[in-house]
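Each remark here refers to the structure printed beneath this line.
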Amino acid sequence: MLLALALASIPLWAPRFWIYIATQALIFAIFAMSLDLLVGYAGLPSFGHAAFYGVGAYACALLALGHVDGLVPLLLAGMLGAGAAALPIGALSLRTSGIYFLMLTLAFAQMLWGLAVNWTSLTRGTDGLIGIPRPALPGLDTLNVSLYDRGPFFFLCLLVAIAVFVVLESLVRSPFGKTLEGIRENDRRMRALGFPTFRYRLAAFVLAGMVAGIAGSLAAMSNGFATPDLLYWTVSGLALIAVVVGGTRSFIGPALGAFLVLFAQLGLSTYIDRWELALGALFIAFVLFLPRGLVGLVRRA
Amino acid sequence: MDVLNLAHGSFYMIGAYTAYTVVMATQNFWLALLVAPVLLAVIGAALEMVFFRRLYRHGHLPQVLMTFGFTLVFVDLIRSRFGPTTRAIPPPPGLGGAVHLATATFSSYSLFVLGIAIVIGALLVIGWRLTRLGVVLRAGVSDKEMAGLLGIDLPRTFTFTFAFGAALAGLAGVIAAPEFAIYPGMDANVLILALVVVVIGGLGSIEGALLGAAVIGLGYVIGSTLFPQFAIGLIFALMAAVLIIRPSGLLGRRS
Amino acid sequence: MEVTVTDLTVRFGAVAVLDDVDLEIASGERRALIGPNGAGKTTLLNVIAGELRPAQGSVRLGTRDATTLPPWKRARLGLGRTFQRSTLFGQLTVAENVALAVRARIRGSWRFWPGGQHPVREEVGKRLEAAALAHLANRRAANIGHGEQRMLELELALAASPSVLLLDEPMAGLSGAERQSVLNRLLTLPRQVTIVIVEHDLDAVFAIAERVSVLDHGVKIADGGPAAVRADPRVQEAYIGAF
Amino acid sequence: MSDEIEDYLNWKLAGRIDRRDFLKLGVSAAGIALVAACGGSNTVGPTGPTGPEFKLGVVLPYSGVYAELGNSITNGMRMYFDSVGNQAGNRKITVVTADEQVALADAVAATKKVVEQDGVDMVAGYVSSPNAAGNRNYLDGLKMPTLIANAGVNSLSRAAKSPFIYRTSFSNWQPSHPMGTYVAEKLGKKKIQLVYAKYGAGLEAVAAFKETFTGSGGTIVGPDVATPFPNNGDQTPFVQAIQTDKIDGIYCFMSGTDAVTFLKKAAELGTLKKLGLVSGAGFFVEQDVLAAITDAAPDGAITGLHWALPLANKENQDFVSKYSKKFSGRQADVFAVQGFDTARVIVEALNAVKGNTTNKDAFMTAIAGVSFKSPRGDFKFDATTNNVVQTIYVRKTVKDPKLGWTNQVIDQYPGVADPGK
């Protein structure tokens, strides 16, 4: 709770640029949390989660450019679009496990990236969809609060992030969550007990995809564009790193990891010249000194 | 050896840049063919001993994080040492032109690459299957505990395996240098293709990697002639298809 | 629930691990499966449990032909099993392990929000008492003794209150006292639960089993009451051959 | 600038290419030199600029595949700023850079950083078109005077034109449009196959060529050879897709690493030698590509571009020699020229308004009014499209004994302006 309050205060004191960075970090945190539902709780290391982040962004972008103006429909579009993509991909990928699953999800994500680059009639290829308007807030217009100002949009992202955090935390404590953990621990035993493990895993995969889709639509709204880069494997890589840096089997971990990774990446690249060297060294240091991530630190203490 | 190394592409890039430096200095491509693998073996061994050794018990994810870090570090070092300009080296003398076989024309350097690939492939398969060293390596990979019990000096074996892998990547870099352009970001695209090839072939099997490479190579060429735009997407579709039919790769052992 | 296996053949490559085996186990019957190592006992269990597809032959559970059903569907029909090597939820606590098995039965697992776990907790408490594991409730399954793990293994199968129970060497590696508590646990099971037990400890076998089938090199060489089988020369020869 | 600082700067550049510190150092060194000149050696040097500091935000790629272009443009800007002592309109010019990288998300972050965090008065930058188009609404919304130093996407001079965004480089339409008429009429080649990298710039370039080429009686033959972008595979299938027997020649649009791998493979297979004509937009035989492929260069290729290394005019000869002296023997290229001109537009506009940039409209009109003799020839803006009006030179790729592989000018189309629609 303390963290949520601290975050809520950001728009009051932080300079405009850092509010923008914080907003991006919140969106990335939602994305990283959805990934940890897979990696930490369901034991499914996905290297292609950016596919659903990107599909969510494109779904929201296409709808927004098609004159849909409501906030909720746009978020829903991102969520359902990503979920629709996650179902077939999950159904196919879950036939494999371990490193094969990792590679298969990477393959599907790169296929969607190839599609985004080449299906120019829909996605306008490498130029991407730009000029996406931010939706009007129902009812709040009278108080002339619009999502175009940085503060209100930050609060929207914060609210969605907290909502996602609460939903995911309760999900993993629910019977469904416990069953998921059981399947992660010992799939053979769960099948012997009568659990159709494939369906549970697929449900987890689609759920994680939908949450990533929400993050995607927020990203499309925040930056006003949806480009193929959102689906590229480096985005999946960064999300995986945020989860590892933050520490798996928790949601506060990946959220912290997301903030750290994004502040490091955006902060370093705009401030120092050889930012790749610094970022690379930071990642290596993290693995050496905190193999179980930030949360691991807390747990061990 | 069950290590997910995203920095393998960087070894390939370092190999290409070594080739560039050696050829620019001595005009001798063949010398580069020797220097690069040795240099990469040293780098590989050092990395394994200092960094990777701690990671074996933590599973794949920390490896992703560390190797992703290394790719960033290597690309920056290369760019600051060689500058961002795209460079190229001519194929070695005598292999520059083209060969006309019946109606088709092949660039002789591509044929040379084909030849080398087959030779190295064969050596690897023989080495992997038949020699004592090959057996030791395979034991170390398939079951660490058992190999340890049998008195195999595991740390040394892993260092050697990792260094050997790095050397091969360096060799690939040298061979690819005349064929493709040499520039700081060249590691990214070869990395994805390499991972795809290894997974399609089946992990832990050298023949699988060779088979996977053939399948992907043909798939790419056929794909780009049929519908050039989606060639890259086609490769991944191919990989997806293989993994769905045989979830542990064409020649992979049932995990 | 009856278990009928008809001319079952399983091959690994060219080797016929099970060769044309027939087995009729009446509902509520306590059947033991004995035989030297490598006779195919565990393979037979795995086929009945659905983890292994036979080359030929069929498996009937009660009235249903279950030959092609996946393991979880067979479990839903009331088939519970333990494994030769304890397959538990290592990182979860003993209580959480049992809770999973209980929830498998009462089917609340598709509930996406917490709560409503009171009945599950109650039953888990009772079961842990019965299995003398209550004092380990909050310990991680990986961090308890071998004997206790075997007990937990059994309890997981029982928690799903199966009508058919497949036991794969439940006594392996247990001390005298632990064997006795497992035996007591099994003997207190309701009559209508069919038990198929694979076990080397012949005293335990003959204490529980009403009928005994003997497998040797994938072939059923004897079938009958404990006394008759004990006296059967072929059984002795198979066992002596094995030692 | 005093000698030891000059040597120190060159030593630093030669030793390690460290753009950002160098840039800051370069500017501050100039400042120190000035102060030293005034105070230290008690000669009465020019008093420093008294007006408020003029901050210029430069967003160019310093990492990723376009780093080479980002470097050249930065060097070009730096050279011009130094030549005027880093001041204009009585204001000291401070340059703040940020790494555009490749992905639009990073370009947006870099832009926001220089605008909001560093509070710059003006922005210059953007190599890749999506990054320029992607930031257009943000910059236009803030009424931020912006100069596009490379990205050629046509829309910025047409539908997406903004009164605050001018372009000093080119629109993708410009280098290719005159080539259509030249190839059809002057060279009489009637059957051309299109070869291009399939992304924004490629599509717009070949469309402009097709417009005039078919207009002058030419016909586009066979399926286009469109290589996927970003292309990281083997180019052989695309080189072999050129139907050498059915066409008079090809018109090609590629740049950087794509051009290098394509031309190397084409040279090996000898495909281009069988063609009557190899033509295209100048980028695929620009100095950076020629330097990499050397003898694999398509000898005699006819290309159109708004600059060429051996251009005879004095400004260019002066620019080329000074550039290689200042940047330790590095050969100038079209991107350096674009950087050089961008800096000059800023200086001339600042002088025109005597450093008073508070009145945005007056400052923009001053920018629009800038015209001068650039190394590429006459440079002025077209007020209707905010795009540069410039000469497009027709060049032939040759191996010059002194300059090595370069492009000799054989014809030119002066005053080519983007149609704006």
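Numbers restart at 1 for each chain; the letters A, B, ... are given by sequence-line order, proteins then strands.
Between A:Leu193 and C:Ala75 the shortest heavy-atom distance is C-CB, 3.7 Å. Nearest heavy atom pair, residue A:Leu171 against residue C:Phe112, reads CD1-CD2, 3.3 Å.
Interface remark: A:Leu207 contributes side-chain atoms only to the contact with chain C (heavy atom separation under 4.5 Å). Proximity to chain A involves both the backbone and the side chain of C:Ala101, based on heavy atoms less than 4.5 angstrom apart. Using a 4.5 Å cut-off between heavy atoms, C:Leu79 contacts chain A through its backbone alone, with no side-chain atom that close.
Taking the ring-ring contact (aromatic ring centres under 6.0 Å, His included) definition, one finds that A:Phe259 meets it with A:Phe263, sequence neighbours left out.
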List, with distances to 0.1 Å, the donor-acceptor pairs found between chain C and chain A - the cut-off being under 3.5 Å and no angle criterion applied.
from     : atom 1 : to       : atom 2 : distance (Å)
C:Glu51  : OE1    : A:Arg188 : NE     : 2.7
C:Glu51  : OE1    : A:Arg188 : NH2    : 2.9
C:Glu51  : OE2    : A:Arg188 : NE     : 3.3
C:Arg76  : NE     : A:Gly194 : O      : 3.3
C:Arg76  : NH2    : A:Gly194 : O      : 3.4
C:Arg81  : O      : A:Arg189 : NH1    : 3.0
C:Thr87  : O      : A:Arg189 : NE     : 3.1
C:Leu88  : O      : A:Asn186 : ND2    : 3.4
C:Gln91  : N      : A:Glu185 : OE1    : 3.2
C:Ser109 : O      : A:Phe176 : N      : 3.3
C:Trp110 : NE1    : A:Tyr200 : OH     : 3.2
C:Arg111 : O      : A:Ser174 : OG     : 3.3
C:Arg111 : O      : A:Phe176 : N      : 3.2
C:Glu153 : OE1    : A:Arg189 : NH2    : 3.4
C:Glu153 : OE2    : A:Arg189 : NH2    : 2.3

